[in-house]
Colleague: 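If you scroll down you'll find the structure; I have some questions about it.
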Amino acid sequence: SFMQGSKLEIPLWLAKGLHDSKRRMISVELPKIYKEAWRTVFSADANVVDLHKMGPYYYGFGSQLLNFDNPENPEIAQTTFISRFRRIMDSSQNAYNEDTSALVARLDELERALFRAGQKGLNDFQCWEKGQASQITASSLVHNYGKRKFTDMDG
């Protein structure tokens, strides 16, 4: 059995299961990379921080920490992501046909998905601009909406 005040490292799923704001069975301490000192480093120089090394799912795990009533939650929710997001999108638009492996290596999985989406958007646009795309088509959502609207008018 454990004494009151004992510290344990337990998996996130177990901490979520044991955490009950009414009974206070456990209190959860933030992992060091989400604490204020680290958040200050991220804000000061987000460009060089290797989030992938700290945890490939930095944002996903951080969002799970918001389940625990920690006074630092608002800061956790907004610091790092905002300071890095613009740089990622700028890089994805300006690094066309360049080697981006060094940049991408430092991104967590969510950031990598954003970067790929930015690159794909730029690539698709440039193909369209050069006349290499066959045509721009309405999404199936828009297409189905139009069909539904005309059907309603018939009835």
Colleague: Quick one: pull up CG in L18 and CD1 in I10 and give me the separation to the nearest 0.5 Å.
Modeller: 5.5 Å
Colleague: Give me the atom names and distance for the closest heavy-atom approach of A15 to V28.
Modeller: CB-CG2, 4.5 Å
Colleague: Can you tell me how far the CG atom of L114 sits from the CD1 atom of I88, to the nearest 0.5 Å?
Modeller: 6.0 Å
Colleague: Does the plane of the ring in H19 sit parallel, tilted or perpendicular to the ring in F68? Use 30° and 60° as the thresholds.
Modeller: perpendicular
Colleague: Would a distance-only check, ignoring hydrogens and angles, find a side-chain to backbone donor-acceptor pair under 3.5 Å from N123 to Q119?
Modeller: no
Colleague: Any side-chain heavy atom of D108 within less than 4.5 Å of one from M54?
Modeller: no
Colleague: Could you please spell out the steps behind the side-chain contact (heavy atoms from CB on, under 4.5 Å) verdict for R106 and L51?
Modeller: CA-CA 6 Å; R106 293 195 301 263; L51 271 196; over 6 Å; no
Colleague: Quick one: closest heavy-atom pair of S92 and G118, and the distance?
Modeller: OG-CA, 3.5 Å
Colleague: Report the residues that fulfil side chain to side chain donor-acceptor pair (under 3.5 Å) with E29, sequence neighbours left out, ordered by chain and then residue number.
Modeller: K7, K35
Colleague: For the pair E36 and E72, evaluate side-chain contact (heavy atoms from CB on, under 4.5 Å) and give the outcome as yes or no after the intermediate values.
Modeller: CA-CA 8 Å; E36 186 180 4; E72 293 183 64; 3.9 Å; yes
Colleague: For L122, is there any backbone N or O sitting under 3.5 Å from a side-chain donor or acceptor partner on Q93?
Modeller: no
Colleague: Treating R112 as the side-chain partner and V104 as the backbone partner, does any N or O pair qualify as donor plus acceptor under 3.5 Å?
Modeller: yes
Colleague: Nearest 0.5 Å, please: how far is NZ in K32 from CG in L30?
Modeller: 13.5 Å
Colleague: Backbone N or O of Q64 within a donor-acceptor pair of the N67 side chain at under 3.5 Å?
Modeller: yes
Colleague: Grouping I, L, V, M, F, W and Y whenever their side-chain heavy atoms are under 4.5 Å apart, do W13 and Y57 come out in a common cluster?
Modeller: no
Colleague: Closest approach of L103 and S91, non-hydrogen atoms and distance?
Modeller: CD2-CB, 3.5 Å
Colleague: Quick check against the 3.5 Å criterion: does Y34 have a side-chain atom that pairs as donor or acceptor with the backbone of Y58?
Modeller: yes
Colleague: Using 0.5 Å steps for rounding, measure from the CG atom of D50 to the CG atom of L107.
Modeller: 8.5 Å
Colleague: By the salt bridge (charged side-chain N to carboxylate O under 4.0 Å, His left out) test, which pairs, at least two apart or in different chains, include something from residues 51-66?
Modeller: none
Colleague: Side chains of E111 and Y59: any donor to acceptor distance under 3.5 Å?
Modeller: yes
Colleague: How long is the gap from CG on D69 to OG on S27, to the nearest 0.5 Å?
Modeller: 9.5 Å
Colleague: Would you say E9 has more than 12 foreign heavy atoms packed within less than 6.0 Å of its CD?
Modeller: no
